[in-house]
Amino acid sequence: MYRASKYLIEVPLDSERIIVYSTLTTSLIVLTRDEYEKVFVQHSFEDNETCDALHDMGMLVAEDESQEETLAELRRGVLNGDDGISGIMIAPTMDCNARCYYCFENGARRGTMSTETADAVADFIIEHCPGKKLYISWFGGEPLLVPGIIDRITYALKTAGIDVESTITTNGILLTDEIIRRFDDWGTYRVQISVDGIGDQYNKTKRLQGIEGDPFEKIVENIKRTLDSGISVHLRINYRSTNRKSIEEGFDFFNGKFGTYENLSLYGAPLDLPDEKGYSEFDESEGNLYLDVLKMSLDNGYEDDELNFRDGVSASEENNIVLGNLLLSPFPAPCMMINKWRFAVDDRGLLYKCQKHLGQERFSCGSVFEGIDANDCYRYFSTDELHDERCENCAIFPICHGGCNANRLMYGDKFACPPSKTIMPKLVMAYYRYLMDNQSREEESDESPE
Ligand code: SF4
Ligand code: SF4
């Protein structure tokens, strides 16, 4: 005997047919309304052939199976996956040369790491990195304000025999030739640059300090310089969820200018403004804009290799890129920060479970001086338990595993859901259309004469 999976998104295709998508396995099927009603509403499983096929796709679950347990097992895999630090986020400074209102007005700290703290960060990592391989995500504030601290920590780690690779999240205004030359030493393989609009809008939002000339012209030059160096660039265009003009102009501008670079990934990200609105409160037009922005990246061939990471039940990776860009890929955990050994470190050497908490001591869970403190905040992240019982029956669960713990802790349950929640049926429809277009293209090329 079967039961229906909880992890299905159903979308009417027309008056006769329904698309069913499994967020657990990424299988998609089109059923007639009769077929759908029989199996998923009346729970009649007499048609063995259909039901066995739906079972293979993860849409029906056998009596002795538990998809919840499969998902919990995936979370435990991430939670206990390491026996020491293999990845860490470091904010060598919380200071920044920009004054973006959404960060600055939140009263963010502005301290910079001392050389003593930098040495303590390196010592802490060396003590807890048995694998001798480390991924560092340099974050801030603006990490490129203090390249000397990055040098110092990297040098100490390498001297201790640790193989270091890194990424840098930056506003990009300090990406000079000299900085780019240091990437080799820092093991940097990717830079994420955030921009806010173009031209005057960029300048007004960023309010960059101490920059000679026009900051927007400078950032465009720096993006080109970084792309020319061959390093992977993730260019993120921040936008307000209601401002279609800004993201469309921004995307067109950067796509027109740099769209031929294969090392570019270009995408838009709605600003997370919890004081104004949670992601899960997007209205219809914000949801439509969000979908259009995702499609801009997809249609222009940009792949976000961070989104198409898939470690679920389905083995096929054929459509990973499109599933990733449409935010339909299952993930093994809410995020990698549930791992017992994952931390973010701020300028004072305090340890946190998420970059969103950097600089906010009340969320810290130890320090590089005193060691890890497995306190309430630590345990809130590093667990395979769920924090909100509504997640137990949510169809999106295999994608978000209970959502963002940092937002949940800071702003409450409703801020934990991913923004994709508001447009799930539209995302499934976009995926269906992509599959159909692909199929037609393949049929056309089969029919075309040799
Ligand atoms: S912001 Fe949320 S989802 Fe992202 S790393 Fe922090 S806890 Fe994880
Ligand atoms: S966090 Fe939100 S979207 Fe994710 S499972 Fe829970 S209720 Fe569903």
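Sequence positions, counted from 1, serve as the residue numbers for this chain. Order of listing sets the numbers, starting from 1, for every ligand and every atom in it. Given the structure is predicted, the values throughout are model-derived calculations rather than measurements.
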Atoms of ligand 1, numbered as shown, that sit under 4.0 Å from any heavy atom of [X]:
{"X": "Phe381", "result": "7 (S)"}
{"X": "Lys356", "result": "1 (S)"}
{"X": "Met337", "result": "5 (S)"}
{"X": "Cys335", "result": "3 (S), 5 (S), 7 (S), 8 (Fe)"}

Taking only heavy atoms of [X], which atoms of ligand 2 are found under 4.0 Å from at least one of them?
{"X": "Gly403", "value": "1 (S)"}
{"X": "Pro418", "value": "3 (S)"}
{"X": "Gly402", "value": "1 (S)"}

Worksheet entry | Aromatic ring proximity, centroids under 6.0 angstrom, Phe363 and His357 |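 So the answer is yes for these two rings.
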Worksheet item: How about Tyr380 and His387: are their ring centroids closer than 6.0 Å?
Response: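 Aromatic pair counts; centres sit under 6.0 Å.
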Item to complete: Using modelled atom types only, decide if a donor and an acceptor are shared between the side chain of Asn393 and the backbone of Lys6 within a distance under 3.5 Å.
Response: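 Looks like no, no N/O pair under 3.5 Å.
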Residue and atom name of the nearest protein heavy atom (relative to [atom]), distance in Å to one decimal:
{"atom": "atom 8 (Fe) of ligand 2", "value": "Cys394 SG, 2.4 Å"}
{"atom": "atom 5 (S) of ligand 2", "value": "Cys400 SG, 3.4 Å"}
{"atom": "atom 6 (Fe) of ligand 1", "value": "Cys354 SG, 2.2 Å"}
{"atom": "atom 2 (Fe) of ligand 2", "value": "Cys417 SG, 2.4 Å"}

Discussion item. If you define the side chain from C-beta out and look only at heavy atoms, does anything of Phe45 sit under 4.5 Å from His55?
Written reply: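 The answer is no, as the side chains (C-beta and beyond) never meet within the 4.5 Å cut-off.
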Worksheet item: Counting heavy atoms only, which part of Lys421 comes closer than 4.0 Å to ligand 2: side chain, backbone, both or neither?
Response: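 Answer for Lys421: side chain.
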Worksheet item: Which is it for Arg408 and ligand 2 at heavy atoms under 4.0 Å: side chain, backbone, both or neither?
Response: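 Just the side chain.
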Residues [X], [Y]: salt bridge by 4.0 Å N-O rule:
{"X": "Glu37", "Y": "Arg33", "value": "no"}
{"X": "Glu73", "Y": "Arg76", "value": "yes"}
{"X": "Lys426", "Y": "Glu284", "value": "yes"}

Discussion item. Counting only heavy atoms from other residues, nucleotides and ligands, does the tally under 6.0 Å from NZ of Lys133 exceed 12?
Written reply: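 No, not enclosed.
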Discussion item. Rounded to the nearest 0.5 Å, what separates atom OG in Ser241 from atom CD1 in Ile247?
Written reply: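 Going from the OG atom of Ser241 to the CD1 atom of Ile247 covers 12.0 Å.
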Worksheet item: Does the shortest distance from atom 2 (Fe) of ligand 2 to an N/O/S atom of Cys391 fall below 2.8 Å?
Response: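 So Cys391 does not bind atom 2 (Fe) of ligand 2 by this criterion.
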